[in-house]
Amino acid sequence: MFNHQKYEKQYFLPPTITYDWVEKETIEKAPTWCSVDLRDGNQALPIPMNLEEKLEMFQLLVDIGFKEIEVAFPAASDTEFNLVRTLIDNNMIPDDVTIMVITQAREHIIRRTFEAVQGAPNAIIHLYNSTSEAQRRQVFKKTKDEIKQIAVDGAILVKELAEETEGNFYFQYSPESFPGTEVDYALDICNSVLDIWKPTPEHQAIINIPTTVENAMPHIFASQIEYMHKNLSYRDGVRLSIHPHNDRGCGVSDAEFGVLAGAERVEGTLFGIGERTGNVDLITLAMNMYSQGYDPKLNFNNLEAIRKQYEGLTRTAVYERQPYSGDLVFTAFSGSHQDAISKGMKYRKENQVEKWDVSYIPVDPMDLGRNYQTDVIRINSQSGKGGIGYILETNYGIKLPYKMNEEMGYATKKVSDQTNRELSSEEIYHVFKEQYLDYCPNFQLVDYRFEKGEQQEVTLTLQQADQYIKLQGEGTGSLDAVSNTLKTSFQLDYELEVYEQHSLGKDSLAESCAQIGISHNGQMYWGAGIDEDIMKASVQALVVAVNRLEDSK
C-alpha cells in the first residue's frame with residue numbers, strides 16, 4: 001500500500017527567517033564555479049575513470065574555464081592519490097587554477113591527504129564530517145558536542161599539517177548532511193572551525209553547505225543559506241559555498257536561490273552527473289545566466305563536442321532532454337512550433353535583429369555549436385508545412401508558394417506516418433523530387449523549341465509510353481504557348497494560377513527553381529522544375545503540374 005503517513009518533514013528551519021533574497025530578480029554576477037566531476041561525479045560512475053581519462057577530464061574542465069576543480073579523495077585509493085601526484089609532479093595545473101582534495105575529519109585520512117598535495121602550487125583542503133540528527137543518532141551514536149569536536153579536531157590537524165607541508169593551501173569545511181541538521185547547530189560547528197582557521201580577506205576559508213540529500217523546497221534552502229550568510233563569523237574572510245544535489249529534482253533552483261541568498265560559490269558537475277539523482281548541473285546554471293544576458297565565466301560555445309567527450313570518458317549518456325545539452329532540447333517536431341520558429345528566424349534575418357527572441361528557443365543554438373538545419377526543426381508525422389518548408393529552404397534554397405508548401409507538408413507527413421519514423425532533410429528533398437520534380441507518369445518532356453511569329457510558337461517533343469510525339473501551338477508568351485499546346489493536345493481545361501521562380505544560388509551560373517500551380521474545378525495541381533535555364537525549369541514545372549491533373553481525370 002502506498003502509505004504517505006510513514007514520512008514526515010526532515011529539515012530544520014533556521015531560528016530566524018529572513019527573505020531578503022526574494023527581492024533579487026536574477027543572478028547578475030557569476031559565482032565561483034567549482035567542478036566536482038573528478039570526485040563526486042566519478043564516484044557515481046558504474047565504471048570509474050582511470051588515470052588517463054581523469055587527466056583528460058581535468059584538461060577539459062580547464063579548457064571550459066573552471067578555476068577551482070575538486071580532483072580527488074586521495075586517501076580513498078591509489079588511483080585517486082596518483083592523480084593528485086601526477087598533476088603536481090608534471091606541472092599540469094595552470095597558475096590560475098586551484099585544485100581541491102577532500103578528506104574526512106579523521107587523522108590518518110587527513111595525513112594521507114597532505115602527502116598527496118605536497119608541493120601543490122594552490123590547493124584547497126576540503127574537510128568534512130556528517131552532522132545530521134539522524135546520523136548522530138543512528139550511525140555515530142554521539143552527542144552534538146562530540147560531533148562538533150570531530151570537526152574542531154580535524155580543523156586543528158589540517159592547519160598544523162598545512163604549516164608543515166610545502167605548498168600553498170586554503171581550507172574548506174562542509175557540515176555533511178546539512179539538510180537534516182539543525183541550522184543553528186550547523187552554524188555553531190562552522191564558526192567553531194573558523195575560530196581555529198581564523199581566515200582573513202587576504203587568505204579566505206570556504207564554508208560549503210551541501211544539500212547531501214535534498215529534502216525541502218528551494219525556498220527553504222534559500223532561507224537556511226541566508227541565515228548562514230548573515231551569521232557566519234569572519235564573514236569577510238569566508239566564501240560561502242553551496243553543493244546542491246538533486247533528489248527532489250530542484251538542484252538548479254536550490255543553487256540559484258542559494259546564490260541570491262548569499263552564496264558566492266557553487267560546486268557541481270557537468271550535466272549533473274553524480275550519486276543517486278545527481279549533482280546540480282553547472283551547464284544549466286551557467287547557461288541560465290547566459291540566457292539572461294550575463295556572463296557566466298564558463299565557455300560552452302562547443303557544447304556538442306564537450307558532451308561527446310564527456311560521454312566517452314564517463315561511459316554515461318546525457319539525457320536527450322537535458323537542458324541546453326541534450327540532443328533534442330532545441331528540436332521542434334510540432335507543426336505550430338516549427339511555423340513560429342521558421343517565421344522568427346526569417347524575421348531576424350530580414351530585420352537584422354541583434355537580440356535573441358525566437359519563439360520556443362531560449363538561446364541561439366549556434367552559440368553552443370549546434371545548427372539550425374539538423375538540430376532545430378526535424379520532421380515526423382507531427383510536423384507542419386512551416387517546418388518542412390524551412391528544411392527545404394535552409395538546406396536546398398527551395399522556397400515554395402504557400403499552398404504548394406501545404407500540399408508538400410501533407411505528402412511528407414504521410415511518408416513519416418507510414419514509416420513511423422523521423423525523416424532526414426535528404427528524405428524530405430526526395431519526397432519533393434518524387435512528387436514535384438520527376439512526377440511524369442503520363443508523358444515526359446524531351447525537348448522544346450520556340451519560334452517567333454505573330455505570336456510565340458512552340459514545338460514540344462514528348463515521350464508517352466514508348467513513343468515520341470511532337471506537338472505544336474502558340475501563345476502570347478513562351479509559357480503561354482506551352483500551356484496552350486498541352487491544353488489543346490490533351491483536351492484539358494485549366495487556369496495557370498501561380499508562377500514563381502527564384503535562384504538557388506548567388507552566382508550567375510546558379511540553378512533556378514520554378515513552381516507552377518494550375519487550377520481545375522477549384523483544385524490546385526503543382527509542379528516544379530530546377531535548371532540553370534529558367535525557361536526550361538518553368539516548362540518542366542508545367543509539364544509536371546499537367547501530369548498531376550491528368551492523373552485526376
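Closest of all the heavy-atom pairs between Gln435 and Arg548 is O-NH1, 2.6 Å. Looking at every heavy atom in both residues, Val446 comes nearest to Gln463 through CG2-N, 3.7 Å. Nearest heavy atoms, Cys440 versus Val544: SG-CG2, 4.0 Å. Residue Val363 comes nearest to Ser291 through the heavy atom pair CG1-CB, 3.4 Å, listed as atom of the first residue, atom of the second, then distance. Heavy atoms only, all atoms of each residue included: Val36 and Asn279 are closest at CG2-ND2, 3.7 Å.
Asn484 places no side-chain N or O within donor-acceptor distance of the main-chain N or O of Gly473, the cut-off being under 3.5 Å.
Tyr439 pairs by the ring pair (Phe, Tyr, Trp, His ring centres under 6.0 Å) definition with nothing, not counting sequence neighbours. In terms of the ring pair (Phe, Tyr, Trp, His ring centres under 6.0 Å) criterion, residue partners of Tyr396 (sequence neighbours excluded) are, by chain and number, Tyr429. Residues forming a salt bridge (Lys or Arg N to Asp or Glu O under 4.0 Å) with Glu68 (at least two apart in sequence, or on another chain): Arg239, Arg265. The side chain to side chain contact (heavy atoms under 4.5 Å, CB included) check on Ser223 picks up Ile17, Tyr19, Trp21, with sequence neighbours excluded. Not counting sequence neighbours, Lys29 has no partner by the salt bridge (Lys or Arg N to Asp or Glu O under 4.0 Å) test.
Counting heavy atoms of neighbouring residues, nucleotides and ligands inside a 6.0 Å radius, atom CD of Glu311 exceeds 12 of them. Atom OH of Tyr360 is surrounded by more than 12 heavy atoms from other residues, nucleotides or ligands within 6.0 Å. Open room surrounds NZ on Lys536; 12 or fewer heavy atoms of other groups in view lie less than 6.0 Å from it. Residue Asn420 places its CG atom among 12 or fewer non-hydrogen atoms of other residues, nucleotides or ligands, all under 6.0 Å distant. Within a 6.0 Å radius of NZ in Lys24, more than 12 heavy atoms belonging to other residues, nucleotides or ligands are found. A 6.0 Å sphere centred on CG of Asp466 holds no more than 12 heavy atoms belonging to other residues, nucleotides or ligands. More than 12 heavy atoms of other residues, nucleotides or ligands sit less than 6.0 Å from atom NZ of Lys452.
Judged purely by distance below 3.5 Å, without hydrogens or angles, the side chains of Asp247 and Asn215 never pair a donor atom with an acceptor atom.
Comment: Arg315 engages Glu53 in a salt bridge, judged by a side-chain N to carboxylate O separation of less than 4.0 angstrom. A salt bridge links Arg307 to Glu304: one of the charged nitrogens lies within less than 4.0 Å of a carboxylate oxygen.
Note that CD of Glu457 is 10.0 Å distant from OG1 of Thr485, once rounded to the nearest 0.5 Å. The line from CG of Leu504 to CD of Glu393 is 11.0 Å long, rounded to the nearest 0.5 Å.
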Donor-acceptor contacts under 3.5 Å from residues 252-262 side chains, at least two apart:
unit_1	atom_1	unit_2	atom_2	d
Glu256	OE2	Asn288	ND2	2.9

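For an aromatic pair to be called close, the ring centres must be under 6.0 Å apart, and Tyr494 with Tyr525 fails this.
At a threshold of 4.5 Å between non-hydrogen side-chain atoms, the residues Gln523 and Leu549 do not count as touching.
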Kindly determine whether Glu267 and Arg39 satisfy salt bridge (charged side-chain N to carboxylate O under 4.0 Å, His left out), including the steps that lead there. CA-CA 11 Å; Glu267 296 185 354; Arg39 202 275 304 179; 5.6 Å; no

